[in-house]
Protein chains: 2
Amino acid sequence: MSLEMFESFLEEHCLKATRQRRSVYAEILAMDEHFDVDSLLLRLKQNGQRISKATIYRTLQLLMECGLLRRVQLAPDGMDAMYAACPEGCAIDNLVCTTCGKTVQFSKEGVCNLCEDIATKYGFALSSHCLNIFAVCPECQKKQGDE
Amino acid sequence: MSLEMFESFLEEHCLKATRQRRSVYAEILAMDEHFDVDSLLLRLKQNGQRISKATIYRTLQLLMECGLLRRVQLAPDGMDAMYAACPEGCAIDNLVCTTCGKTVQFSKEGVCNLCEDIATKYGFALSSHCLNIFAVCPECQKKQGDE
DNA sequence: GCAGTCAATGCGATTGATTCTCAATTGCTA
DNA sequence: TAGCAATTGAGAATCAATCGCATTGACTGC
């Protein structure tokens, strides 16, 4: 569905819908997970696509400009650049295990309402939000208990 | 108050409470705002401190390990590394203007409760969270209206 | 208070992610 | 299908962050 959004964004801004741009976004949608630039490049190559890293960076930039992609911070000290496709409404909420790094994307309408309330309280006009919850997943809790 | 927390963390881990480590954290507390490495270095130099950038990075790393500091992402495509001191409970909630970059740190107990609920639902043990709300501040709304 | 020890610092070099440059390629329009 | 302008690819350049090592300085026992 949002491949069309990307294409209409390109059209509106007089940008070309090239093979590379399409395949980058298609691959992102196919992954259905957060990713870094190297793993995206690897997957594209494995699928037989010819594409350079520079083009990937340029396309990611475009996708962020049109709100279809976001950088996400998957650790409190997160140095690594990770990206994730934005679902409808452009909110990304992650539950991240601080031990093994496993992440769960969830959505809960309560979060949006809360953000709306807070923005309104300070006179801001809500655009989007990003919530990361850092916690220990059940498997890691069990492992820690065993020691 | 939390300068002592830092010092006891250092003691517990057999690390030395050096002049540089103290002054970095003191400066962070004095700033009471998010910051990047360069502005922190500048302020320390202006205060007459002799300190190198490498030491600042090493100290920030330590502060993050003991939970007194966090990286924050102040834009949906946030490329720049910004840091902020963690208040009690180690939650950082920001309301960020997507137009001018102004940020408001707020705290609302509802957010913590919601995170607790979500973590529990997935069987995770809550550690901390980080919520960024991207919105347009009142001033920028007004400016946009004027055009 | 003083000397000795070893962690911490500072500096310069290095790494690695991201961006830039520019010639070659490729979408799109007529 | 030709022509133009935008886009791409490859490698160079940039810049934040890290590393290595000689020097400095915080803590211990005397």
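Labels below follow one simple rule: chain letters A, B, ... track the order of the sequence lines, proteins then strands, and each chain is numbered from 1. Computed from a predicted model, the values in this text were never measured in an experiment.
The distance between atom CG of Asp80(B) and atom C1' of dA16(D), rounded to the nearest whole Å, is 11 Å. Between the CE atom of Met82(B) and the P atom of dA16(D) there is a distance of 13 Å, given to the nearest Å. Atoms CD (Glu7(A)) and C1' (dG27(C)) sit 13 Å apart, rounded to a whole Å. Atom NZ of Lys45(A) is separated from atom C1' of dA10(D) by 11 Å (rounded to the nearest Å). Remark: P of dA16(D) and OH of Tyr83(B) are 12 Å apart, rounded to the nearest angstrom. Counting to the nearest Å, the P atom of dG27(C) and the CG atom of Leu10(A) are 14 Å from each other. Rounded to an integer number of Å, the gap from CZ of Arg71(B) to P of dA17(D) is 6 Å. In this structure, CG of Asp36(A) is placed 9 Å from P of dT18(C), rounded to the nearest angstrom.
Scanning residues 52-59 of chain B for heavy-atom distances under 4.0 Å to DNA chain D yields Ala54(B), Tyr57(B), Arg58(B).
Under a hydrophobic-cluster definition in which Ile, Leu, Val, Met, Phe, Trp and Tyr are linked whenever side-chain heavy atoms come within less than 4.5 Å, directly or via other members, Leu95(B) and Val72(B) are assigned to different clusters.
Inspection of the Asn94(B) and His34(B) side chains reveals no N or O donor paired with an N or O acceptor under 3.5 Å.
A distance-only check finds a donor-acceptor pair linking the side chain of Arg22(B) to the backbone of Ala17(B) [under 3.5 Å]. Within the 3.5 Å criterion, the main-chain N or O of Thr59(A) finds no donor-acceptor partner in the side chain of Gln20(A). In this structure, the side chain of Gln49(A) does not engage the main chain of Ser23(A) through any donor-acceptor pair within 3.5 Å.
Applying the side chain to side chain contact (heavy atoms under 4.5 Å, CB included) rule to Lys53(B) yields the partners Val37(B), Asp38(B), Leu41(B), Tyr57(B); only residues at least two apart in sequence or on another chain are considered. In terms of the side chain to side chain contact (heavy atoms under 4.5 Å, CB included) criterion, residue partners of Cys140(A) (sequence neighbours excluded) are, by chain and number, Cys97(A), Thr99(A), Cys100(A), Val136(A), Cys137(A). For the side chain to side chain contact (heavy atoms under 4.5 Å, CB included) test, residues two or more places apart in sequence or in another chain that qualify with Arg58(A) are Ala54(A), Thr55(A).
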### Message
side-chain hydrogen bond (donor to acceptor under 3.5 Å, both in side chains), that's the test. Do Asp93(A) and Gln105(A) meet it? Break it down for me.
### Response
CA-CA 6 Å; Asp93(A) 296 328; Gln105(A) 284 191 24; over 6 Å; no

### Summary
Expected string for nucleotides 23-30 of chain D under the B/S/- scheme (protein heavy atoms, under 4.0 Å, primed atoms plus P, OP1, OP2 as sugar-phosphate) is --BBS---

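The phosphate of dT9(C) (OP1 or OP2) has a side-chain N or O of Arg21(B) nearer than 4.0 angstrom.
Classification of Glu139(A) and Lys102(A) as a salt-bridged pair holds, one side-chain N sitting under 4.0 Å from a carboxylate O.
At its two ends the helix from dG1(C)-dC30(D) to dA30(C)-dT1(D) runs along axes set 50° apart, each axis drawn from five pairs and the angle rounded to 10°.
Aromatic ring orientation, Tyr25(B) versus Phe6(B): perpendicular (interplanar angle above 60°, classes split at 30° and 60°).
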